[in-house]
Amino acid sequence: HTSAALGGCTMRVTVFIPREGLSGKKLPVVYWLSGLTCTDENFTQKSGAFRTAAELGLILVMPDTSPRGEGVPDEDPKTYDF
């Protein structure tokens with residue numbers, strides 16, 4: 001996804017839709033925003049989020065909230081791993 005709101009930044013977004021949501025049933029949505037230097041996979045892979053969301057009938061939306069690439073402004077001595 002390329003975000004116009006973020007100046008053309010390319011972002012990954014993971015969306016999980018439980019089986020009953022695929023038939024058009026309206027379900028609640030949880031937006032999970034990870035911290036700086038985390039990816040969309042930190043929450044999904046380490047917590048069993050998909051299994052729990054399926055059991056509860058929740059849609060999960062997890063954008064990768066950290067900027068990526070060499071063009072990201074950083075402070076010296078480049079202490080963040082983008």
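None of these values were measured; they are calculated from a predicted model.
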Answer with yes or no whether the hydrophobic clustering places [X] together with [Y]; edges join I, L, V, M, F, W, Y residues whose side-chain heavy atoms lie under 4.5 Å apart.
{"X": "F50", "Y": "L22", "result": "no"}
{"X": "L56", "Y": "F16", "result": "yes"}
{"X": "V30", "Y": "I17", "result": "no"}

Result of checking V15, T14, L33 against P63 for side-chain contact (heavy atoms from CB on, under 4.5 Å):
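Of all the options given, the one that passes is L33.
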Can you tell me how far CH2 of W32 sits from OG1 of T44, rounded to the nearest 0.5 angstrom?
11.0 Å
Check the pair V13 / V61 against side chain to side chain contact (heavy atoms under 4.5 Å, CB included), numbers first and verdict last.
CA-CA 7 Å; V13 178; V61 178; 4.1 Å; yes
Sequence neighbours excluded - salt bridge (Lys or Arg N to Asp or Glu O under 4.0 Å) pairs with any residue from residues 9-33
R12-D40, R12-E41
Are the side chains of P18 and L27 in contact, using a 4.5 Å heavy-atom criterion?
yes
